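Encoded as structure tokens, the structure appears first; notes follow it.
Positions are given from 1, in the same order as the sequence printed here. It should be emphasised that the depicted structure is a prediction, and the values quoted were computed from it without experimental measurement.
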Amino acid sequence: EQFLSFTTQDGLPHNQVNAVIEDPHGQVWMGTNQGIYVYAGEGKTPAFRLYNQSNSFISNQVIFLKKDRNNNLWIGSTDQGVMLYHTGQGRFVSQPRINDYLPFQTISMGITALEIGKENHLWIGTIQGLIEYDTENDRYIATYTQEAGVTGNHITALYADSKGDL
């Protein structure tokens, strides 16, 4: 395999990329401050598709991209909470049920961390704690805060190991 690097000179509209993930079809998704760019090009000429507020309902401020065990892409933004790209349907799906559990300030201040854990649970870090959501059953599990034993309410990073443990 070969390492590829893209800049604005290659057609990438912005040099700041916040998150990168490869989908099951080998396309590379890049979360930026201008939306999501998908690299689908092969060969010498890069080809990028843009998804943002002007052509989709997704945020322009994408900072997290995570793939679940169903190969769906979960999107975390600084201004619209959580969104989903359903790869089987090839479309973006809003997530109002998940976003209803985000603290009010989180929608305007952003999600601070995002991870997929055991049983395909989505873990969302915020400035007011950690939210666990069951994506398989579209069900809120809990919010964990300092009062519940979390070290602090401002969650800045999440990592799941190969077993899905956080």
Any chain of hydrophobic side-chain contacts (each under 4.5 Å) joining V150 to L102? no
Do Y133 and D138 make a side-chain contact, defined as non-hydrogen atoms from C-beta onward lying under 4.5 Å apart? yes
Tell me every residue that passes side-chain contact (heavy atoms from CB on, under 4.5 Å) with A113, counting only those two or more places apart in sequence or in another chain. I155, L158
Correct closest heavy-atom pair for L65 and W29 would be CD1-O, 3.5 Å
Does the side chain of N71 pick up a donor-acceptor pair with the side chain of D23 at under 3.5 Å? no
hydrophobic_cluster_shared for V38 and M83, side chain cutoff 4.5 Å: yes
Same cluster for I131 and W123 if Ile/Leu/Val/Met/Phe/Trp/Tyr side chains link at under 4.5 Å? no
Indicate yes or no for a side-chain donor-acceptor contact from N52 to the backbone of Q34 under 3.5 Å, with no hydrogens or angles considered. yes
Aromatic plane relationship, Y85 with Y51 - under 30° parallel, 30 to 60° tilted, over 60° perpendicular: tilted
Give a yes or no answer on whether the side chain of N120 reaches the backbone of D68 with a donor-acceptor pair at less than 3.5 Å. no
Give the C-alpha distance, both sets of side-chain angles, the deciding distance and a yes or no for side chain to side chain contact (heavy atoms under 4.5 Å, CB included) between I124 and L130. CA-CA 6 Å; I124 306 164; L130 180 63; 5.9 Å; no
Given side chains that start at C-beta, do those of I36 and L73 come closer than 4.5 Å, heavy atoms only? no
What distance do N33 atom CG and S59 atom OG have between them, rounded to the nearest 0.5 Å? 9.0 Å
Hey, what do you get for CG (L114) to CD1 (I63), rounding to the nearest 0.5 Å? 8.5 Å
Does a side-chain heavy-atom distance below 4.5 Å link R91 with V93? yes
Does Q9 offer a backbone N or O that forms a donor-acceptor pair with the side chain of T7 under 3.5 Å? yes
With a 6.0 Å cut-off (strictly less than), is the heavy-atom count around CD of Q89, excluding the residue itself, greater than 12? yes
N18 side chain vs F64 backbone, donor-acceptor pair below 3.5 Å: no
The test is side chain to side chain contact (heavy atoms under 4.5 Å, CB included); show your working for Y39 and M30 and say whether it passes. CA-CA 8 Å; Y39 170 70; M30 294 167 270; 3.8 Å; yes
Note: I127 and H154 closest approach over all heavy atoms is CG2-NE2, 3.6 Å
Backbone N/O of N153 and side chain of T145: donor-acceptor pair under 3.5 Å: no
Parallel, tilted or perpendicular for Y140 and Y101, by the 30°/60° rule? parallel
Is a side-chain donor or acceptor of D161 paired with a backbone partner of K163 at a separation under 3.5 angstrom? yes
Looking at every non-hydrogen atom in both residues, tell me the closest pair between N72 and H86 and how far apart they are. OD1-CA, 3.4 Å
Exercise: identify the closest heavy-atom pair between K67 and I116: O-CG1, 3.9 Å
What's the shortest heavy-atom distance between Q80 and N99, and which atoms? O-ND2, 3.5 Å
Could you grab the distance from atom CD1 of I75 to atom CD1 of I21, nearest 0.5 Å is fine? 10.0 Å
Nearest 0.5 angstrom please: L122 CG to K66 NZ, how far? 10.5 Å
N70 side chain near E136 side chain, heavy-atom distance below 4.5 Å: yes
Is there a side-chain contact between T112 and T156, using heavy atoms and a 4.5 Å cut-off? no
Residues E119 and R69: closest non-hydrogen pair is CA-NH1, 3.7 Å
Taking it one step at a time, do D165 and K118 satisfy side chain to side chain contact (heavy atoms under 4.5 Å, CB included)? CA-CA 6 Å; D165 293 326; K118 273 187 181 173; 2.7 Å; yes
